[in-house]
Peer 1: 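Quick one: this structure, given as structure tokens, is what I'll be asking you about.
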Amino acid sequence: NADFLATYSKEFTNFNLSASVGGNARFGETSDVSNSSRSRAGLIVPGLYNLSNIAPGNLAYSSYLTERAVHSLYGLVNLGFKDMIYLDLTARNDWSSTLPIENRSYFYPSASLSVLINEMVDISNALDLLKLRGGVAMAGNDAGPYQLFNVLGTAESWDGVPRLSKSGTVLSPDLKPELATSYEAGIDIALFANRLRFSGTYYKLENENQIFQVGLAPSSGFTQQNINAGLLVSKGVELSLGGTPFEKGDWRWDINANFSKNKTTIEELPPGMDFLNLWTDAKGGARTYVGGEIGDIYDAKLVTVEDVNSPYYGYPILDEDGSWQDVSFSNTKEKIGNFNPDFLLGMQTSLSYKAFTLNMSFDWRSGGDFVSQTYRYSESDLKTQRFLDLLIHPGGRTGDELRDYLVENDLVIVRDHYNIV
């Protein structure tokens with residue numbers, strides 16, 4: 001890794017200027033060689049650990065080598081006017097060896113502006129800082145090594161004869177760099193000799209040209225393909241409120257609270273890709289459709305009575321064993337929740353006396369769902385009282401009162417399957 005940086009600074013009557021130009025050349029190489037006996041094959045002579053003590057047909061071996069080079073040029077300009085207005089500009093261009101020649105070069109700039117209102121207008125003696133800020137920035141990212149062309153690789157030998165194999169993924173020789181564009185606006189306020197402080201930020205982040213793997217029909221000879229596509233948009237707000245309630249002599253007490261909320265949605269997906277899959281289990285999983293939010297949880301749809309005129313409307317239709325029936329989540333969109341929190345809260349406080357400081361912090365995560373596999377598998381066999389309570393809704397009835405209620409309302413199916421007579 002090699003860097004260079006040249007900086008120039010100058011102060012004028014009302015302006016101050018700082019400018020830098022730099023560059024970076026980075027080269028990385030990763031290699032690995034592995035030789036071992038095949039699973040459960042072991043050694044010819046126990047305890048003698050060398051390759052010659054492994055039968056040729058039981059020798060498992062692999063090796064790989066990756067190389068990656070990224071060259072960069074960048075510039076920075078910081079311009080200030082009367083300690084009231086600050087403008088920061090950056091520009092960077094990278095050239096990556098992991099991208100095709102026509103897409104190897106990618107450029108990403110940024111700009112941010114800060115305005116100190118309290119320096120421009122005399123609002124109040126109690127106001128120490130009133131700053132408005134905003135900015136836009138882009139960031140680029142290349143691909144991993146060897147993502148452009150399919151090549152043959154070695155596979156396990158067959159009856160002592162070495163074999164060649166191909167990857168199940170179709171690689172793309174036209175990959176583009178991934179790009180992320182962020183927008184931000186905020187305000188900072190300080191009052192009463194900085195003893196009361198507030199900061200607020202709203203942001204939006206767009207990720208595009210992401211490298212996805214989309215599925216292919218196995219009859220093609222491959223199972224998936226690398227492509228550039230998709231657009232993920234994140235929006236959020238961050239708030240911070242802090243202060244120094246007490247400061248006298250060698251004593252000082254500081255406290256700060258922060259709030260954050262974020263939502264990420266998928267605006268676009270590549271053709272043929274209906275959703276982004278995060279994880280799956282026996283019944284459902286977390287996946288995001290176009291227009292949906294990252295973290296959405298889907299499950300199999302319970303088969304219920306859908307006739308609104310039926311006295312059993314909404315009741316589950318059980319099979320002959322008394323278990324519920326469902327439609328696979330692959331064939332329906334039964335959203336049951338989202339694993340992301342609604343918001344996060346935090347608080348930090350510190351009490352200082354001379355050279356001693358006591359710190360405490362508190363975190364609160366509100367909202368967010370999870371799937372209980374304990375309930376899922378135990379309740380599929382009707383083994384929990386919780387399931388019975390939620391299914392029958394007895395309203396606190398027990399014993400004879402519950403029995404009479406079931407009989408009077410002709411809840412024969414429920415009564416017979418749970419032997420509540």
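Both backbone and side-chain heavy atoms feed into the values below; hydrogens, waters and symmetry mates do not. The structure presented is a predicted model; accordingly, all values stated were derived computationally and were not measured.
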Peer 1: Angle between ring planes, Tyr298 versus Tyr289, binned at 30° and 60°: parallel, tilted or perpendicular?
Peer 2: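 Perpendicular, since the angle between the ring planes exceeds 60°.
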
Peer 1: What are the two closest heavy atoms between Leu269 and Met273, and how far apart are they?
Peer 2: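 Closest approach of Leu269 to Met273: CB-O, 3.5 Å.
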
Peer 1: Take a 6.0 Å sphere around CG of Leu164 and say whether it holds more than 12 heavy atoms from other residues, nucleotides or ligands.
Peer 2: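 For Leu164, atom CG is crowded (more than 12 foreign heavy atoms under 6.0 Å).
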
Peer 1: Would you say the side-chain atoms of Arg38 pair up with the backbone N or O of Leu59, donor to acceptor, closer than 3.5 Å?
Peer 2: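 Side chain of Arg38 to backbone of Leu59, a donor-acceptor pair under 3.5 Å: yes, one is there.
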
Peer 1: Taking atom CG of Asn256 and atom CG of Leu241, what is their separation to the nearest 0.5 Å?
Peer 2: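 Answer for the CG-CG pair, Asn256 versus Leu241, is 7.5 Å.
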
Peer 1: Does the Asn141 side chain pair with the main chain of Glu178, one donor and one acceptor, at a distance under 3.5 Å?
Peer 2: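 No, the answer is negative, given that no donor and acceptor are paired below the 3.5 Å cut-off.
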
Peer 1: Looking at Asn24, Asp94, Asn93, which one forms a side-chain hydrogen bond (donor to acceptor under 3.5 Å, both in side chains) with Ser72?
Peer 2: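 Result: among Asn24, Asp94, Asn93, Asp94 is the only option passing the side-chain hydrogen bond (donor to acceptor under 3.5 Å, both in side chains) with Ser72.
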
Peer 1: For Tyr61 and Val33, what are the C-alpha separation, side-chain angles and deciding distance, and is it a side chain to side chain contact (heavy atoms under 4.5 Å, CB included)?
Peer 2: CA-CA 8 Å; Tyr61 52 88; Val33 177; over 6 Å; no

Peer 1: Would you check if the side chain of Ser97 reaches a backbone N or O of Ala69 as a donor-acceptor pair within less than 3.5 Å?
Peer 2: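 Indeed, once roles are kept as given, a pair shorter than 3.5 Å links the two residues.
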
Peer 1: For Tyr312 and Tyr315, I'd like to know if the aromatic rings sit close, meaning centre-to-centre distance below 6.0 Å.
Peer 2: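 Centroid separation for Tyr312 and Tyr315: below 6.0 Å.
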
Peer 1: Of all heavy-atom pairs between Ser110 and Ala137, which one has the smallest distance, and what is that distance?
Peer 2: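 Smallest interatomic distance, heavy atoms only, reads CB-CB, 3.5 Å.
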
Peer 1: Which is it for Lys82 and Glu119 under the side chain to side chain contact (heavy atoms under 4.5 Å, CB included) test, yes or no, and what are the steps along the way?
Peer 2: CA-CA 9 Å; Lys82 289 186 175 181; Glu119 296 290 343; over 6 Å; no

Peer 1: What I'd like to find out is whether the side chain of Phe246 reaches to under 4.5 Å of the side chain of Ile255, using heavy atoms alone.
Peer 2: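 No. Closest side-chain heavy atoms not under 4.5 Å.
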
Peer 1: Looking at Asn226 and Thr169, would you say the former's side chain and the latter's main chain have a donor-acceptor pair under 3.5 Å?
Peer 2: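 Judged by distance alone, no pair lies under 3.5 Å.
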
Peer 1: What is the distance from atom CG of Asp32 to atom OG of Ser63, rounded to the nearest 0.5 Å?
Peer 2: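 OG of Ser63 is found 8.0 Å from CG of Asp32.
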
Peer 1: Arg252: which residues meet the side chain to side chain donor-acceptor pair (under 3.5 Å) condition with it, sequence neighbours left out?
Peer 2: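 If we apply the side chain to side chain donor-acceptor pair (under 3.5 Å) test to Arg252, skipping adjacent residues, the hits are Thr244, Glu247, Asp254.
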
Peer 1: In terms of ring plane angle, is the pair Trp364 and Phe343 parallel, tilted or perpendicular, where the classes change at 30° and 60°?
Peer 2: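 It falls in the perpendicular class, over 60°.
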
Peer 1: Using every non-hydrogen atom in the two residues, find where Phe329 and Thr280 come nearest and quote the distance to one decimal.
Peer 2: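 Nearest pair, atom of Phe329 first, then Thr280: CZ-CG2, 4.0 Å.
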
Peer 1: Return yes if some donor-acceptor pair links the side-chain N/O of Asn118 with the main-chain N/O of Leu130 below 3.5 Å, else return no.
Peer 2: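 Present.
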
Peer 1: Applying side chain to side chain donor-acceptor pair (under 3.5 Å), can you list everything that pairs with Thr304, at least two apart in sequence or on another chain?
Peer 2: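 Partners of Thr304 under the side chain to side chain donor-acceptor pair (under 3.5 Å) test: none.
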
Peer 1: State the CZ-CG distance between Phe339 and Asp369, to the nearest 0.5 angstrom.
Peer 2: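 Separation between the atoms: 10.5 Å.
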
Peer 1: Between Thr264 and Asn262, do the side chains contain an N or O donor and an N or O acceptor separated by less than 3.5 Å?
Peer 2: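 Asn262 and Thr264 do have a side-chain donor-acceptor pair below 3.5 Å.
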
Peer 1: Report yes if the side chains of Ile211 and Asn228 come closer than 4.5 Å at any heavy-atom pair, otherwise no.
Peer 2: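 Contact flag for Ile211/Asn228 side chains = yes.
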
Peer 1: Would you indicate whether the side-chain heavy atoms of Tyr353 and Leu351 approach each other to under 4.5 Å?
Peer 2: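 They are not in side-chain contact.
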
Peer 1: Picking from Arg26, Arg104, Lys176, Arg68, what satisfies salt bridge (Lys or Arg N to Asp or Glu O under 4.0 Å) with Asp142?
Peer 2: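 Running salt bridge (Lys or Arg N to Asp or Glu O under 4.0 Å) over Arg26, Arg104, Lys176, Arg68 with Asp142 returns exactly one hit, Arg68.
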
Peer 1: Counting only heavy atoms not in Tyr49, do more than 12 fall under 6.0 Å of its OH?
Peer 2: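 Atom OH in Tyr49 is not packed in, count stays at 12 or less.
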
Peer 1: Is any side-chain heavy atom of Met138 closer than 4.5 Å to one of Phe107?
Peer 2: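 Not in contact.
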
Peer 1: Check whether Lys283 reaches the backbone of Asp326 with its side chain - one donor and one acceptor, N or O, closer than 3.5 Å.
Peer 2: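 Side chain of Lys283 to backbone of Asp326: no pair is present.
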
Peer 1: With rounding to the nearest 0.5 Å, note down the distance linking CD in Glu184 to OG1 in Thr201.
Peer 2: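 Interatomic distance, Glu184 CD to Thr201 OG1, rounded to 0.5 Å: 5.0 Å.
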
Peer 1: So, Ser18 and Ser9: side-chain donor and acceptor under 3.5 Å apart, yes or no?
Peer 2: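 Short answer, no.
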
Peer 1: Give a yes or no answer on whether the side chain of Ser37 reaches the backbone of Asn58 with a donor-acceptor pair at less than 3.5 Å.
Peer 2: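 A pair under 3.5 Å: no.
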
Peer 1: To the closest 0.5 Å, what do you measure between CG (Asn207) and CG (Leu205)?
Peer 2: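 The CG atom of Leu205 is 4.5 Å from CG of Asn207, to the nearest 0.5 Å.
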
Peer 1: Quick one: are Tyr106 and Asn209 in side-chain contact, heavy atoms under 4.5 Å?
Peer 2: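 Not in contact.
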
Peer 1: Are there over 12 heavy-atom neighbours, none belonging to Glu11, within less than 6.0 Å of that residue's CD?
Peer 2: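 Counting neighbours around CD of Glu11, 12 or fewer heavy atoms of other residues, nucleotides or ligands fall under 6.0 Å, so no.
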
Peer 1: At their closest point, which heavy atom of Leu17 faces which heavy atom of Phe12, and how far apart are they?
Peer 2: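 Nearest heavy atoms, Leu17 then Phe12: CB-CE1, 4.2 Å.
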
Peer 1: Hey, is the main chain of Ser350 close enough, under 3.5 Å, to the side chain of Asn359 for a donor-acceptor pair?
Peer 2: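 Between the backbone of Ser350 and the side chain of Asn359 there is no qualifying donor-acceptor contact (under 3.5 Å).
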
Peer 1: Tell me the closest heavy-atom pair linking Pro173 and Leu171, and the distance in Å.
Peer 2: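 So the two residues come closest at CD-O, 3.8 Å.
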
Peer 1: For the backbone of Lys333 and the side chain of Lys301, can you confirm whether one donor and one acceptor N or O come within less than 3.5 Å of each other?
Peer 2: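 Checked: no pair found.
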
Peer 1: Search all heavy atoms of Arg195 against all heavy atoms of Pro245 and return the closest pair with its distance.
Peer 2: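 Residues Arg195 and Pro245, closest heavy atoms: NH2-O, 3.4 Å.
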
Peer 1: A side-chain contact here means heavy atoms from C-beta on lying under 4.5 Å apart; do Lys10 and Phe15 qualify?
Peer 2: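 No, every pair of side-chain atoms sits at 4.5 Å or beyond.
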
Peer 1: Return yes when atom CD of Glu102 has more than 12 non-hydrogen atoms of other residues, nucleotides or ligands closer than 6.0 Å, and no otherwise.
Peer 2: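 Yes - once you tally the heavy atoms of other residues, nucleotides and ligands closer than 6.0 Å, there are more than 12.
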
Peer 1: Got Leu127 and Ile117 here, is their nearest side-chain heavy-atom distance under 4.5 Å?
Peer 2: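 Heavy-atom side-chain distance check fails, nothing below 4.5 Å.
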
Peer 1: Does atom CH2 of Trp253 have more than 12 heavy-atom neighbours from other groups under 6.0 Å away?
Peer 2: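 Counting other residues, nucleotides and ligands, CH2 of Trp253 stays at 12 neighbours or fewer.
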
Peer 1: Working to the nearest 0.5 Å, report the span between CG of Leu99 and CG of Leu148.
Peer 2: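 The distance works out to 7.0 Å.
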
Peer 1: Assess the side chains of Arg287 and Ser330: does a donor N or O sit below 3.5 Å from an acceptor N or O?
Peer 2: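 Side-chain D/A pair, Arg287 to Ser330: absent.
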
Peer 1: Considering residues, nucleotides and ligands other than Asp3, do more than 12 of their heavy atoms fall under 6.0 Å from its CG?
Peer 2: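 Counting neighbours around CG of Asp3, more than 12 heavy atoms of other residues, nucleotides or ligands fall under 6.0 Å, so yes.
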
Peer 1: Run the side chain to side chain contact (heavy atoms under 4.5 Å, CB included) test on Phe27 and Glu67 for me, step by step, so that the C-alpha distance in whole Å, both residues' side-chain angles and the decisive distance to 0.1 Å come before the verdict.
Peer 2: CA-CA 7 Å; Phe27 176 80; Glu67 295 180 323; 4.0 Å; yes

Peer 1: Answer yes or no: is there a donor N or O on one side and an acceptor on the other, between the side chain of Ser114 and the main chain of Tyr86, under 3.5 Å?
Peer 2: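 No.
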
Peer 1: Please test Tyr8 against Val21 for side chain to side chain contact (heavy atoms under 4.5 Å, CB included), starting from the C-alpha separation and ending with a verdict.
Peer 2: CA-CA 9 Å; Tyr8 171 81; Val21 176; over 6 Å; no

Peer 1: Evaluate the side-chain proximity of Leu239 to Val237: yes if any heavy-atom separation is below 4.5 Å, no if none is.
Peer 2: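 Yes, their side chains come closer than 4.5 Å.
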
